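Working notes, structure below.
As the structure is a prediction and not an experimental result, all values here were calculated from the model.
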Amino acid sequence: VVDVSIWQAPNLSRKASFSFPDATQQVGAAGLETHAGAYETLAGTVTFRSAEAGKPVEGSFDFITPSGEKIHRAFRATWGTERPLCG
């Protein structure tokens, strides 16, 4: 399972892209939950066509795992209700 977290308000009126890892650690994070239950940090870009709270989000991503595996997919997703933990 690919997990992408963007740490900003969910209102993007036009296409927007985010790159990971983010050197400032202010944009968000991307990771892969493996079948074995491990979590790997991903590098690459996620692009949203647009985003509005409460509506499905569509876009695509191009990531690479630490072992060099490339992952490219288009997606349609719903907003999660989890809040990031700070600390």
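- Between F61 and I71, the closest side-chain pair of non-hydrogen atoms falls below 4.5 Å.
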Report task. For the pair F75 and F48, evaluate side-chain contact (heavy atoms from CB on, under 4.5 Å) and give the outcome as yes or no after the intermediate values. Result -> CA-CA 9 Å; F75 63 87; F48 297 97; 3.8 Å; yes
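- Closest approach of D22 and G28 over heavy atoms only: OD2-N, 4.3 Å.
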Query raised in the report: After noting the C-alpha distance and the side-chain angles of V4 and F18, does the key distance pass the side-chain contact (heavy atoms from CB on, under 4.5 Å) rule?
Result: CA-CA 10 Å; V4 177; F18 300 91; over 6 Å; no
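- With a 4.5 Å cut-off on side-chain heavy atoms, Y39 and T34 do not count as touching.
- For the salt bridge (charged side-chain N to carboxylate O under 4.0 Å, His left out) with E58, the lone residue among K15, R73, R49 that qualifies is R49.
- Shown here for F20 and A29, the closest heavy-atom pair between the two residues is CE2-N, 3.3 Å.
- The shortest distance between side-chain heavy atoms of L32 and V1 does not fall below 4.5 Å.
- Atoms CG and NZ, on D62 and K70 in that order, are 9.5 Å from each other to the nearest 0.5 Å.
- Counting only heavy atoms from C-beta outward, the side chains of V2 and L42 approach each other to under 4.5 Å.
- Two different hydrophobic clusters hold I64 and V46 under the rule that ILVMFWY side chains link at heavy-atom gaps under 4.5 Å.
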